[in-house]
Amino acid sequence: MRKTLAAGLALSAVLLGLGVVWALSADAAAVPAYHPARLRNIGDSKQVVVVTGNGRTSSYATLRAYQKNADGSWSQKWAGMAARNGYAGWEWASKRVQDTGTTPMGTFRITSAFGLKANPGTKVRYTHADGNDYWVGDNRDAKTYNLFQKSASAGRTWRKGEAERLAAYPKQYEYAAVIDFNRPWGSTITWNPAHGQYETSRPANTKRGSAIFLHINGSGSTAGCVSLKRADLIAVLKWLDPAKTPRIVMAPLADIGRV
């Protein structure tokens, strides 16, 4: 009788244990791949923007924003926002080539923003741009590659035709956050008064591309950036807080767990 009872209790314990395993597995499966709890490279970030593309060749995506709570859990800030990405879809950041129309797949910091209008209320470092400002992508001039320039000075070493004049995009660049893809570290950037330009002592990879932003929608897909409706972009900018080390994770849905 005791042996039978003991065997029954042991079997019940095993079944109960399996039930716990099944429950945990079901809970894990219920957490989507794009949830911050399942992302690999967000480090100490307490704000994570996740952009999931519809497919490797699609220019349609969804942006979700998450904030870490005091207990370590994550809360989604808003419902998913409709977004656009590069006209040629996606490419791994380490393989991306300039001027291919692809959006880089990876995890990146967001440390600054700019716009042709005054700061809408973001806490990240903000530059109020004007008609003189450029973003350089001249792959013949590594020291200024992927850097903001406050004018096309007469002494510059970069080619104006290989830079974006920010005011040429009055709708898209009304407000924008800079995605730190292929960018020189801020500590390496200095002002060169002789040439009237910012330069870096540790250039970015001049083959990978420059000027990858989170900006306002244009008429369709982008050249590699991610774009949102104006109201959505402003909401994200106001939410971003450098004290929370914001990061953006970007990839097609099928690949988001690998970045």
Side-chain angles (χ1 to χ4, degrees), residues 86-88 91 93-104 106 108-216 218-219 222-227 233 237 240 242 246 248:
Y87 61 82
E91 181 55 275
S94 61
K95 296 180 180 179
R96 186 180 186 270
V97 175
Q98 180 171 308
D99 298 329
T100 56
T102 54
T103 298
F108 313 99
R109 292 281 300 273
I110 299 177
T111 56
S112 61
F114 69 88
L116 295 166
K117 291 197 173 182
N119 189 339
T122 187
K123 296 183 184 70
V124 299
R125 188 175 73 255
Y126 187 85
T127 299
H128 188 179
D130 60 30
N132 297 316
D133 298 333
Y134 287 80
W135 202 280
V136 177
D138 186 351
N139 55 20
R140 294 185 190 173
D141 195 55
K143 64 183 177 298
T144 63
Y145 191 79
N146 208 3
L147 293 182
F148 168 85
Q149 302 291 348
K150 59 184 180 180
S151 72
S153 67
R156 72 185 185 279
T157 57
W158 50 274
R159 295 172 291 168
K160 189 186 291 188
E162 299 299 323
E164 287 190 7
R165 180 172 173 265
L166 300 183
Y169 304 91
K171 180 180 179 182
Q172 293 95 320
Y173 293 165
E174 186 176 340
Y175 303 109
V178 180
I179 296 171
D180 287 349
F181 160 73
N182 195 36
R183 295 208 61 212
W185 288 105
S187 60
T188 71
I189 301 169
T190 56
W191 176 253
N192 184 329
H195 292 292
Q197 63 189 22
Y198 290 106
E199 299 178 356
T200 176
S201 58
R202 296 183 64 184
N205 188 324
T206 58
K207 296 179 181 180
R208 292 285 174 259
S210 64
I212 299 298
F213 308 133
L214 177 61
H215 63 67
I216 296 172
S219 59
T222 74
C225 297
V226 174
S227 67
L233 191 279
L237 284 175
L240 290 173
I248 185 167

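The structure displayed is predicted, hence computed values, not measured ones.
Thr200 and Thr188 are linked by a side-chain donor-acceptor pair at a separation below 3.5 angstrom, with hydrogens and angles left out of the test.
Atom CZ of Phe114 is separated from atom OG1 of Thr122 by 12.5 Å, given to the nearest 0.5 angstrom. Rounding to the nearest 0.5 angstrom, the gap separating the CD1 atom in Ile216 from the CG atom in Leu233 is 5.0 Å. The distance from atom NZ of Lys150 to atom CH2 of Trp191, rounded to the nearest 0.5 Å, is 4.5 Å. Separating the CG atom in Asn205 from the CG atom in Asn146 is a distance of 10.5 Å, to the nearest 0.5 Å. Note: Trp185 CH2 to Asp180 CG = 8.0 Å, rounded to the nearest 0.5 Å. To the nearest 0.5 Å, atoms CG (Asn119) and OG1 (Thr127) are separated by 10.0 Å.
In this structure, Ile212 and Asn182 have side chains that are not in contact, with every pair of non-hydrogen atoms separated by 4.5 Å or more. Looking only at side-chain heavy atoms (C-beta outward), Leu116 and Lys171 stay at 4.5 Å or farther from each other. Looking at Pro184 and Leu147, their side chains come closer than 4.5 Å, going by heavy atoms from C-beta outward. With contacts defined as side-chain heavy-atom distances shorter than 4.5 Å, the pair Arg208/Phe181 qualifies. Side chains of Glu91 and Thr100 form no contact here, defined as non-hydrogen atoms less than 4.5 Å apart. Counting heavy atoms from C-beta on, the side chains of Lys123 and Pro242 come closer than 4.5 Å.
Proximity of a side-chain donor or acceptor of Asp138 to a complementary backbone N or O of Arg159 within less than 3.5 Å is detected. Counting only distance, with no hydrogens or angles, the side chain of Arg156 and the backbone of Gln197 share no donor-acceptor pair below 3.5 Å. Side chain of Thr222 to backbone of Gly86: a donor-acceptor contact under 3.5 angstrom is found. Checked by atom type and distance alone, the side chain of Ser153 pairs as donor or acceptor with a backbone atom of His195 at under 3.5 Å.
Here the closest non-hydrogen pair linking Gly137 and Ser210 is CA-OG, 3.4 Å. Thr103 and Gly224 make their closest contact through OG1-O, 3.0 Å (heavy atoms, listed as atom of the first residue, atom of the second, distance). Closest of all the heavy-atom pairs between Tyr126 and Lys117 is OH-O, 2.6 Å. Ser112 and Arg183 get closest at one heavy-atom pair: OG-NH1, 4.1 Å. Of all heavy-atom pairs between Phe108 and Ala93, the closest is CZ-CB, 3.9 Å. Minimum interatomic distance between Thr206 and Asn139 (heavy atoms only, all atoms of both residues): O-CB, 3.3 Å.
A side chain to side chain donor-acceptor pair (under 3.5 Å) with Tyr173 holds for exactly one of Arg165, Glu164, His215; it is Glu164. Across Leu166, Val178, Val136, a single residue satisfies side-chain contact (heavy atoms from CB on, under 4.5 Å) together with Phe148, and that is Leu166.
Aromatic ring orientation, Trp158 versus Tyr134: tilted (interplanar angle from 30° to 60°).
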